[in-house]
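Only one structure is covered here, and it is reproduced in the block below.
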Amino acid sequence: MYVKRQRGWEIPERLATPESVYFNRRQILAASGLGLAAAALPRPGRAAETDPTADLYPAPRNSKYTIERPVTPESINTTYNNFYEFGTQKDIWEAAEALPIRPWEVKIDGLVEKEITTDFDTLIRRMPLEERLYRHRCVEAWSMTVPWTGFPVSELVKYANPLGDAQYLRMETFMMPDVATGQKQIWYPWPYVEGITMAEANNELAFMVTGAYGKPVAKSMGAPIRIHLPWKYGFKSIKSIVRFTFTDERPVSFWEELGPSEYGFWANVNPEVAHPRWSQATERDLATNERIPTRLYNGYTEYVADLYTGMEDQRLFM
Ligand SMILES: Nc1nc2c(c(=O)[nH]1)N[C@H]1C(S)=C(S)[C@@H](COP(=O)(O)O)O[C@H]1N2
Ligand SMILES: [Mo]
């Protein structure tokens with residue numbers, strides 16, 4: 001049976017979002033612990049108990065990235081998602097449970113010393129895992145606070161040995177239309193692609209995520225490996241990555257290809273630059289359900305402003 005373990009960083013129950021707002025009836029039953037019938041219902045992240053990397057969690061918390069907001073309850077984070085491969089609504093977590101995450105091959109190619117194809121379970125054991133609390137701001141004006149586990153993207157870059165002329169890191173999600181039926185919607189430019197500059201990849205905030213809430217990351221949140229770039233809008237943080245390509249050509253991302261006037265390459269958070277169809281001045285914090293002001297670079301200016309000096313001619317904020 002599912003027993004909720006209270007961890008140090010979890011917030012007092014009274015600060016949590018009212019469950020009725022987010023949970024469908026079935027989940028309310030499961031959460032209320034009404035005996036065996038409820039306990040037998042599926043829930044996201046269940047496979048974590050048999051995950052071959054489970055022994056790596058929880059990883060030590062890096063207290064440098066501890067922040068002021070309450071952590072979003074795991075039950076919200078694993079069931080309120082954007083993962084278009086499994087549908088365009090927020091409640092894709094059950095569909096995402098069908099994603100086979102073992103074996104999981106990761107390819108590193110392009111402008112590198114030598115192409116690498118590696119098994120995720122081998123890759124992760126070469127990396128220094130730590131836990132970081134990060135804010136996550138979706139372009140749709142909702143936000144979460146997540147205890148991620150993972151390693152700096154700079155460690156992946158080091159491992160990949162890119163050549164001197166590599167300027168961008170391009171990332172690609174799996175392509176499995178039979179499992180992820182959203183990928184049968186051919187008007188979307190599958191597979192999901194994202195890209196960042198080498199300077200962004202080597203920024204200390206750029207984080208490869210393998211876990212959350214002290215265990216392997218849930219499928220709905222991008223298992224077994226996704227990125228998190230906390231100063232950018234959430235769509236830049238691509239999930240369930242199978243390929244990293246170092247290139248001298250700026251990648252065109254999934255959303256940029258769909259709507260270049262609404263979703264650009266940089267997509268840095270800025271409350272003063274509105275989305276063409278709505279304001280970005282405030283956001284709804286899913287942990288408290290309160291509307292709070294959005295901050296420049298999502299509150300990470302001191303870490304990232306240097307990346308963009310002298311680039312004022314670019315559309316840095318959309
Ligand atoms: N492959 C893939 N990655 C993706 C998305 C997606 O649809 N497919 N959605 C993005 C968007 S818009 C957001 S806000 C975050 C959501 O991450 P979360 O569901 O873990 O909160 O994932 C991003 N990464
Ligand atoms: Mo998003």
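Just so it is clear, the structure is predicted and the values come from calculations on it, not from any experiment. Just follow the structure's listing: the first ligand is 1, and inside any ligand the first atom is 1.
- From the protein, the heavy atom lying nearest to atom 24 (N) of ligand 1 is Ser237 O, 2.9 Å.
- By the 30° and 60° cut-offs, the orientation of the rings of Tyr308 relative to Trp266 is perpendicular.
- At a 3.5 angstrom cut-off on N or O pairs, Trp142 does not count as close to ligand 1.
- Set against the non-hydrogen atoms of Asn81, the atoms of ligand 1 under 4.0 Å away are 18 (P), 19 (O), 20 (O).
- Only the side chain of Thr173 comes within contact range of ligand 1, with a heavy atom under 4.0 Å; no backbone atom does.
- Taking the six-membered ring where tryptophan is involved, the planes of Tyr192 and Phe254 are essentially parallel, since the angle between them stays under 30° and well short of 60°.
- Contact atoms of ligand 1 toward Cys138: 14 (S) (distance under 4.0 Å to a heavy atom of the residue).
- Protein heavy atom closest to atom 14 (S) of ligand 1, with residue, atom name and distance, is His136 NE2, 3.4 Å.
- Taking the six-membered ring where tryptophan is involved, the planes of Tyr263 and Phe235 are perpendicular, since the angle between them exceeds 60° and thus also 30°.
- Among protein heavy atoms, atom 8 (N) of ligand 1 sits closest to Glu85 OE1, 2.8 Å.
- Here the rule is side-chain hydrogen bond (donor to acceptor under 3.5 Å, both in side chains) with Asn82, and of Lys90, Gln89, Lys239 only Lys90 fits it.
- Short contacts between ligand 1 and Phe235, defined as distances under 4.0 Å to a heavy atom of the residue, involve ligand atoms 10 (C), 11 (C), 12 (S).
- For atom 3 (N) of ligand 1, the closest heavy atom belonging to the protein is Lys239 N, 3.1 Å.
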Ser237/Arg226 under side-chain contact (heavy atoms from CB on, under 4.5 Å): CA gap, chis, key distance, verdict
CA-CA 7 Å; Ser237 292; Arg226 55 104 42 99; 3.9 Å; yes

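- A continuous path of ILVMFWY side-chain contacts below 4.5 Å connects Val179 to Met221, so both sit in one hydrophobic cluster.
- Heavy-atom contacts of Met221 reach the following atoms of ligand 1: 20 (O) (cutoff under 4.0 Å).
- Which of Tyr80, Tyr84, Tyr192 comes nearest to atom 10 (C) of ligand 1 through a heavy atom is settled by distance: it is Tyr192.
- What sits closest to atom 20 (O) of ligand 1 on the protein, heavy atoms only, is Arg226 NH1, 3.0 Å.
- Below 30°, between 30° and 60°, or above 60°: for Tyr134 and Phe207 the angle between ring planes is above 60°, a perpendicular geometry.
- Each of Leu258 and Val252 belongs to its own hydrophobic cluster when Ile, Leu, Val, Met, Phe, Trp and Tyr are linked at side-chain heavy-atom distances under 4.5 angstrom.
- Below 4.0 Å from some heavy atom of Phe83 lie the following atoms of ligand 1, by number and element: 1 (N), 6 (C), 7 (O), 8 (N).
- For the residues Asn82, Thr72, Asn77, the heavy atom positioned nearest atom 9 (N) of ligand 1 is part of Asn82.
- Ring orientation note: the planes of Tyr303 and Tyr300 are tilted relative to one another, at an angle of 30° to 60°.
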